[in-house]
Amino acid sequence: MEEKYNPYTIENKWQRSWEKDRLFKVDIQKDKEKYYLLEMFPYPSGNIHMGHVRNYTIGDVVARYKRMRGFNVLHPMGWDAFGMPAENAAIANKSHPATWTYQNIDNMRAQLKKIGFSYDWDRELATCQPEYYRWEQWLFLKMVEKGLAYRKESYVNWCDPCQTVLANEQVEAGMCWRCGKEVRQKKLWQWFFRITDYAEDLLMHCDKLPGWPEKVITMQKNWIGKSVGAEIRFPIIGGEGGDISVFTTRQDTVFGATFMCLAPEHPLVGTLSEGKEQAAAVNAFVERMSRQDRTAKAVETFEKEGVFTGAYCLNPMSGMEMPIYTANFALMEYGTGAVMSVPAHDQRDFDFATKYGLDIVVVVNHEGGDLIAEGLTEAYTGDGIMINSGSFDGMPNREAMEAIARHLEDKGLGKKTVSYRLRDWGISRQRYWGAPIPMIHCPSCGVIPVPEAELPILLPEDANLLEGGRSPLPELAAFAQTTCPKCGGDRARRETDTMDTFVESSWYFERYCSPDYDGGMFDKEAVDYWMPVDQYIGGVEHAILHLLYSRFYTRVLNDMDLVKYKEPFTCLLTQGMVCKETTSCPEHGFLLPNEIAEQDGVPHCTICGKAAVVGRVEKMSKSKKNVIDPNILLERYGADTTRLFCLFAAPPERDLEWSEQGVDGGYRFLNRVWRFAAACMDDIKDVSPYTDAPDSLEGELKKLYKKTHETIQRVTRDIEDRFHFNTAISAVMELVNALYAFDAPADAPERHRVVRFAVESAILLLSPIVPHFTEEIWEALGNSGSILLAPWPTHREDALAKDELLIVVQVNGKVRSRFNAAVDADDELLRKRALSDERVLKFIADKSVKKVIVVKKKLVNIVV
RNA sequence: GCGAGAGUGGCGGAAUUGGUAGACGCACUGGACUUAGGAUCCAGCUCUGGCGACAGAGUGGGAGUUCAAGUCUCCCCUCUCGCACCA
């Protein structure tokens, strides 16, 4: 064993050794229990960043730990390879997205290998490969068959100059992020997945995911957003039997509905105002609303406004004539797009009614109170007793909810129903770099699926990307022009939209089970063995979309009998962000690390020399210029220190704050272990570790032996139960400290064997965390075979047994003294010792003892 | 506004079922070894008072339950995240 720890040579050595022996390759082994560990695969953006390093280190530790516990561990890695950055980079570099993507993949793969992650690289996949998206297209056709994929016209953010659809994130204050021109809402035909069919099932199973963080569960529940209420129809006056259907959760207040509000996009808005004097104003309002940025609008500053359509409807319960408005606070996407407005009991309706001088009718009176419409300054939204509600007067409103719903159903005026916030998943992207949607538009036959045998529909490689990100596919005749599979007509066109990249990431975990399978999406036997994923790890930013889509997709596969389970991920860990303080110069804004220089302990801007300001600790991001490149860490300290730091600085679910000193500390610890091992290696390399009962050991030896077993127990519990690697590491640090403090006579019997056991245990416990480092020492100890094939150590109960226990003595709950007592000391003995303790006597001298509480093996509390 | 999580030394963070608050690490201080050390080893390190033994206070604030509260209950404050005119 070298005297000095040299991370570079040993990391190189072991990475090559693992690869040569193909140690991470796994196959189905029916006789072994499987464990599928998955980290969210990266988008191949070009470089691995600290967030990746943290995510994958956490996963790697668990994978290596589970392997040592005897599981057959599947731990794959791949690339979420379709997406916009590739297109943008290709436009900027005048190259092709595929070139850019594959270069990035090569680069990032090499980086990941340098960190020593234990992936089965034989299973690597990239979602932009035709062998992958072919099966996605196949499932799309199946979903069309089942009616789960469909086409409808819907509103999108559209930029005219750029001729493209923008994602919500690309609309900044109503303007296009690229050209700065106004974005408008445009109606386009788009493909959707009917995720709303599964809303109830997705919601119900939220409570059957005990291995998921509470936070993610509630986020999913809120996103699905179930409301129980009623649908009520309001006949349009003079509308020849037509009516307006509304959704409400407060059907008890229906007698108080005094006007109606329709979303500006509601189809009735145009027809109701048509030919009336209000028509022009209504059209102008609708037009103005369509230009409003619907995502970035600040609610607080958003004023409720609307215009009267000139039409009226009838309140079916109160018989009142209600004016019909179109208003900006009515949302087409929710419920039916129409709101029965009850100003007395809904704040929005109240604001609107006050503004436009509309009637207010109180129908729920609060307990013992006397609400009158005239005196109201705000809506009363609480519970109470029904008034002004015909035969329902006097009923508690909670009861009236049920009674009115029944009444409406009996009279055929409405029905009880539920509404969800969740909307169908729009998967069309007017983009090039994605999986083509396998459909054909024929002028005579309509929209026709591509025959299965023609899959995959390849994304043409010879496309030239266009300025502004506009998709070249519609203009690429070789791709777009085709013959109709039904009538054979040659005037058919391919669908030129591609699929949302979230579709690819909704089933990649199944593909990993049999990545080369060409008879379907996956080999059923492989999926039956490996799936579901036992532990999934990734950033909380995917708490809703990716995870919800994957749960939906899995249900679709389940309904088609392709898989046997409904939930793809049994346990989920969402790791926190990697953060660092920002530093900025009053003149030059955020500063890069190399633009900061210390002068008299104060950071200065090296561009202008002014004092720089150290700002908040924030997520590492290029725009904040507080990014640390993992490559620098790998060069300066090596992979093991980098891994150790990521795990030691914070528990995984919490944010991790970058600290130079923290990395140093980790490096120092490894060196400390190394030096100890190197110093005692000659003594211990040829002896077998002491693993017998502790009886024949004494004094220091027994103490160290016990400490070793305690450490094994603590580390195992910390990793197994809760992934608290930080405390696992600190437990090993304590053991190492104990080794340094160890002071048994040089000739004590069994000395070397006990030390060997301690050192070897520490190495084994650390091996999932710092695998190269521990391999090297493991080898030096004379062990044959890789440490990662060694079994995880287990503790002996008899070694943990204590001879004496420290008993705490409290007086009135305050600790006043401590003493050692035999393990089996009974209450009476403890009581006597406590009461005769000299320090305790000081506190009870002039008082009378009221009560003495004795807690076995722990403490005595004396109440005076 | 609704929902979730968090608040512990100078800092990152520890504290099974309520039972020694501050493990471990960083920073800092002192000592040892050294030509030297920013290496290493040993020791100290919540605050206040005291040379000290020790005493008092202390887990965002305030009440409560209890022999005993960082931990349980209620109210309040602050921060972070998510959703947000959801009818």
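Every chain is numbered from 1, with letters handed out A, B, ... down the list of sequences.
- Mapping A:F648 and A:K814 onto RNA chain B via the closest heavy atom, the residue that lands nearer the 5' end is A:F648.
- Between A:S227 and A:Y334, the side chains place a donor N or O and an acceptor N or O closer than 3.5 Å (distance only, hydrogens not considered).
- With distances taken from any side-chain atom of A:R348 to the nucleotides B:U20, B:G19, B:C86, the minimum falls on B:C86.
- Across B:A87, B:G82, B:A14, the shortest atom-to-atom separation from the side chain of A:N222 is found for B:G82.
- Counting only heavy atoms from C-beta outward, the side chains of A:F669 and A:V736 approach each other to under 4.5 Å.
- Syn is the glycosidic conformation of B:G9, whose angle stays within 90° of 0.
- Under the 3.5 Å distance criterion, with hydrogens and angles disregarded, a donor-acceptor pair is assigned to the side chains of A:D664 and A:Y637.
- The phosphate of B:A84 (OP1 or OP2) has a side-chain N or O of A:R421 nearer than 4.0 angstrom.
- A cation-pi geometry, defined here as NZ or CZ lying under 6.0 Å from the six-membered ring centre and within 45° of its normal, holds between A:R672 and A:Y740.
- Separation of the C1' atoms belonging to B:C11 and B:G64 is 34 Å when rounded to the nearest angstrom.
- With ring centers used as reference points, A:F648 lies 6.0 Å or more from A:F725.
- Stem regions annotated for RNA chain B: B:1-7 with B:77-83, B:10-12 with B:24-26, B:28-32 with B:40-44, B:46-49 with B:54-57, B:60-64 with B:72-76, counting only runs of 3 or more consecutive pairs of Watson-Crick or G-U type with both contacts under 3.5 Å.
- A donor-acceptor contact closer than 3.5 angstrom is absent between the side chains of A:T258 and A:D359.
- The side chain of A:K851 has B:C67 as its nearest neighbour among B:C67, B:A87, B:A4.
- No hydrogens or angles considered: a donor-acceptor pair under 3.5 Å links the side chains of A:D351 and A:Q347.
- A salt bridge is defined here as a Lys NZ or Arg NE, NH1 or NH2 lying under 4.0 Å from an Asp or Glu carboxylate O, and A:E700 with A:K703 meets this definition.
- Annotation: B:U40 and B:U34 have their C1' atoms spaced 10 Å apart (nearest Å).
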| query | When every nucleotide of nucleotides 36-48 of chain B is labelled 5' to 3' by its protein contacts under 4.0 Å (heavy atoms), B for base, S for sugar-phosphate only, - for none, what sequence of letters results? | reply | ----SSS------
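- Set against B:A87, B:C24, B:G13, the side chain of A:A650 has B:G13 as its closest nucleotide.
- Comparing B:U8 with B:A32, their P atoms are spaced 38 Å from each other, to the whole Å.
- The neighbour count for A:K355 NZ, taken as heavy atoms of other residues, nucleotides or ligands under 6.0 Å away, is above 12.
- Candidate nucleotides B:C83, B:A23, B:A55 were compared by shortest atom distance to the side chain of A:T727, and B:A23 ranks first.
- You'll find that the side chain of A:S227 is closest to B:A87, out of B:A87, B:U16, B:C24.
- As judged by a 4.0 angstrom heavy-atom cut-off over every strand, A:R722 is placed among residues touching the sugar-phosphate backbone only.
- For RNA chain B, the neighbouring residues in residues 857-864 of chain A, judged by any heavy atom under 4.0 Å, are A:K858, A:L859, A:N861, A:V863.
- A:Q661 contributes no side-chain N or O that forms a donor-acceptor pair with the base of B:G25 under 3.5 Å.
- Comparing the same atom, P, in B:C74 and in B:G82 gives a spacing of 27 Å after rounding to whole Å.
- The residue among A:A338 and A:A649 whose nearest nucleotide of RNA chain B lies closer to the 5′ end is A:A649.
- One P atom belongs to B:U80, the other to B:C75, and the distance between them is 23 Å to the nearest Å.
- Spacing of C1' atoms, B:C76 relative to B:G7, comes out at 14 Å, to the nearest Å.
- Looking at the side chain of A:R816, the nearest of the listed nucleotides B:A55, B:A4, B:C54 is B:A55.
- Remark: A:R839 CZ is loosely packed, at most 12 non-hydrogen atoms of other residues, nucleotides or ligands lying under 6.0 Å away.
- Aromatic rings of A:F502 and A:W425 (six-membered ring for Trp) have centroids beyond the 6.0 Å cut-off, not under it.
- With distances taken from any side-chain atom of A:M733 to the nucleotides B:G25, B:G19, B:A4, the minimum falls on B:G25.
- Rounded to whole Å, the separation between the C1' atoms of B:C47 and B:C2 comes to 40 Å.
- Judged by a 6.0 Å distance limit and a 45° cone about the ring axis, A:R816 is positioned over the six-membered ring of A:F843.
- Taking 4.5 Å as the limit, every side-chain heavy atom of A:M317 sits out of range of all side-chain heavy atoms of A:I232.
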